[in-house]
Amino acid sequence: MKNVNVVIAGLGGQGVIKASDILADAAFRAGFDVKKSELHGMSQRGGSVSSDVRFGAGILSPMVPEGEADALVALDKDQVAVNRHMLRPGVAPLDPDSLGGAKLPDRKSLNVAMLGLLSAGLEDLPESAWLEALDAAFSGGAAAANREAFRTGRSIGEAIKEKA
Amino acid sequence: MEPDTERILLSGDEAVALAARSAGVALGAGYPGTPSTEILEAFSALGGRAEWAPNEKAALEVAIGAAFAGARAIATMKHVGLNVAADPLFTAAYTGVKGGLAVVTADDPGMASSQNEQDNRHYARAAGVPMLEPADSQEAHDFTLAALEISERWGIPVLLRMTTRVCHSKTVVRPRAASGPAMQPHFERDIRGLVMVPAYARPAHRRLRKKLAEIAAWNETSGMNVILPGDASRGIIASGISAMHAREADPGARMLKLGCTHPLPMNAIRDFAASVRRCTVIEEGDPWLAGEIRAAGMTVEAKPEEYRFGELTVNRVRRILRGEPDSAAALPRGNPPQLCPGCPHRVVFETLGRLRCIVAGDIGCYTLGALPPFEAMDTCVCMGASITVGLGMRKVLPAAEAARVVSVTGDSTFMHSGIPGLLEMVYNPPETGHVALILDNGTTAMTGLQEHPGTGRSLAGEPAAAVLPERLAEAMGIERVFVADPVADAAGFERLLRESLDCRKPSVIVVRRPCLLSARKLKAAARRAEEGARSR
Ligand SMILES: Cc1ncc(C[n+]2csc(CCOP(=O)(O)OP(=O)(O)O)c2C)c(N)n1
Ligand code: SF4
């Protein structure tokens with residue numbers, strides 16, 4: 001299998017880092033070498049945030065090189081333009097519109113719904129690894145809501161894949 | 001599936017903390033600063049004894065004291081923090097230490113969250129201390145153990161030089177055991193070794209140079225520096241994260257990957273350079289490594305000047321290796337950070353803007369007062385510079401202009417290095433007086449809500465003494481000391497500021513209103529504690 005590069009982007013406070021943590025953990029649980037990198041540190045809200053996750057047999061640089069991302073997940077539509085240069089030519093970005101207005105259990109779980117959408121296209125990551133990573137990331141009521149958000153996103157992703 | 005205990009996914013910062021814990025480090029001291037902050041937070045979460053010192057100098061000195069007493073210690077800080085702690089570092093290199101002492105400097109090439117992109121590799125050479133440069137979390141873990149070993153073997157503080165992409169990237173770690181147990185702390189009197197008066201410091205300097213010569217000889221075959229196989233037509237010398245980018249940019253090249261970069265293994269480098277047709281040094285920041293190698297009489301290629309600026313990436317390394325100019329294509333910019341909606345700092349900068357003040361600022365969330373929509377901060381140099389820079393301006397400006405100067409600092413910054421500024425204001429007051437605002441939001445917000453000596457809580461969240469800035473100012477003999485809440489009474493705050501500007505006396509206004517995120521975090525913690533108590 002060749003290495004997989006994912007960029008997740010959004011605004012501070014949207015859960016970009018939480019989402020990339022879950023993706024990295026899922027890949028880690030599936031036994032891959034994983035590197036994940038982002039710039040963070042400021043508490044304030046609203047600034048652009050993006051996080052790179054790479055997994056495969058052996059990863060060197062923790063940052064996705066420009067033009068080599070296999071997927072771009074934007075939690076905010078405006079962040080697509082800022083990060084489009086990261087994508088491999090011909091790959092379409094995923095943004096909240098890709099969910100087609102599906103109802104989420106909770107607005108806060110948009111990041112996880114987008115992971116569900118992404119997961120349908122990442123065939124090397126078994127669903128069980130995703131679910132374990134989700135269980136490790138949330139507890140209590142949030143766990144159930146996020147599982148549901150993930151399932152919602154994933155089934156939309158599968159439907160899109162079938163059509164294609 | 002149970003997580004594999006032999007394999008964990010950790011950030012570089014967490015990996016340092018884990019290694020420090022398993023090496024029996026008795027004390028971790030530091031001051032928050034991106035990207036180093038999470039080291040002590042993780043060390044504390046693992047059960048280690050960790051503290052936020054008021055500033056980096058205090059942190060390093062506390063760690064030096066622990067190491068003098070035979071304990072293992074770490075001091076953590078961001079790159080600019082080492083400027084503050086440079087004084088103790090340079091002379092602790094002379095005294096040496098008994099217990100292992102690792103000084104972690106987290107550099108920020110590209111300035112993701114810093115006021116400059118200084119390259120702290122210069123400090124290793126300037127102070128004469130060994131330096132290790134991890135390239136990922138595994139090495140952050142292993143090199144922390146190695147730093148403590150080298151430190152104890154030669155009795156010398158060791159610099160662990162990290163960078164943002166090593167600190168904040170998560171990579172897979174297989175933990176290893178520390179090579180030996182920590183000693184039992186005990187103080188052995190050694191006046192000639194530990195009291196640096198000139199008569200004792202002169203031989204201490206010679207001892208330091210002798211230790212460094214020994215470490216240089218050891219480093220030739222230390223195992224910290226490895227040759228990665230590849231085509232002899234292209235040789236690359238690199239360290240830290242640059243080695244990762246370079247290996248990806250040209251996987252077929254032969255590479256000398258340096259882990260211990262001070263004192264450099266010059267013979268090993270010479271042999272490597274002789275084994276390849278072309279030898280390029282790939283490094284982020286200043287051309288430090290290339291300069292050292294060239295000074296030793298070798299011919300190597302270095303990156304062009306334009307690559308001194310910003311972070312390296314795989315793409316940039318490819319361009320360096322191909323001899324191409326840095327890509328001029330401007331990449332789209334994301335949204336800049338902003339003060340949170342409802343942040344108490346907002347009212348302060350709206351008011352300062354309305355009163356057309358000249359604002360000597362400082363570093364924290366409130367530095368965003370310099371950006372639109374406020375544009376109400378005129379200077380920001382380094383932590384603690386607001387009160388002093390404002391005083392300097394007041395002393396030379398024409399009276400009408402001088403009377404508009406206001407200094408603005410945050411509470412954590414005030415504790416860090418703002419207090420001497422108040423002393424300067426009392427001792428050498430400008431003719432027009434001065435106005436210092438201390439924005440006390442009850443936290444170190446900028447770096448992610450850390451405690452400090454004014455918050456009443458320790459790093460671990462335990463109750464601690466709380467130093468009030470207004471009490472300090474009063475104790476210094478400042479007559480005009482006020483506490484104001486700009487959110488509860490914006491008009492009252494504006495009136496107080498006007499009066500203070502008009503009265504031409506040194507004035508301190510403590511602007512007290514909690515940071516919104518901090519208040520939310522404290523409320524959540526209280527709720528958890530209450531639920532815990534109820535379920536018990
Ligand atoms: C010498 C030094 N150490 C650490 C930092 C990192 N840093 C930047 S601002 C800041 C403190 C901010 O806290 P505070 O003054 O209370 O302002 P707030 O962010 O809460 O508004 C820190 C620790 C730095 N820039 N320089
Ligand atoms: S984190 Fe706190 S201090 Fe910083 S901008 Fe937000 S509310 Fe203001």
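Here is the naming used below: chain letters follow the sequence lines, and residue numbers restart at 1 for every chain. Remember, predicted model here, so these are calculated numbers, not experimental data.
Between B:R528 and B:E530, none of the side-chain N atoms (NZ, or NE/NH1/NH2) sits under 4.0 Å from a carboxylate O, so this pair counts as no salt bridge.
A cation-pi arrangement is present between A:K18 and A:F138 under the rule of less than 6.0 angstrom and at most 45 degrees off the ring axis.
The CZ atom of A:R29 sits 5.5 Å away from atom CD of A:E132, with the distance rounded to the nearest 0.5 Å.
The shortest side-chain heavy-atom distance between A:R154 and A:E127 falls under the 4.5 Å cut-off. Counting heavy atoms from C-beta on, the side chains of B:F374 and B:L339 come closer than 4.5 Å. Within the 4.5 Å cutoff, the side chain of B:T171 has no heavy atoms near those of the B:L10 side chain. Here the side chains of B:D108 and B:H79 are in contact, with some heavy-atom distance below 4.5 Å.
Taking non-hydrogen atoms and a 4.5 Å limit, the residue list of residues 51-67 of chain A in contact with chain B, ordered by number, reads A:R54, A:L60, A:S61, A:P62, A:M63, A:P65, A:E66.
Only the side chain of B:I241 comes within contact range of chain A, judged by heavy atoms closer than 4.5 Å. With a threshold of 4.5 angstrom between heavy atoms, B:R318 approaches chain A through side-chain atoms but not through N, CA, C or O. Heavy atoms closer than 4.5 Å to chain B are found in the backbone of A:A81, but not in its side chain.
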Go through the steps to decide whether A:W130 and A:F150 satisfy the test ring-ring contact (aromatic ring centres under 6.0 Å, His included), and finish with yes or no. CA-CA 9 Å; A:W130 281 105; A:F150 181 81; 5.4 Å; yes
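Considering only heavy-atom pairs separated by less than 4.5 Å from chain A, the leading option among B:R165, B:H245, B:R247 is B:R165. Chosen from B:L9, B:N315, B:N335, B:V317, the residue pairing most often with chain A at heavy-atom distances under 4.5 Å is B:N335.
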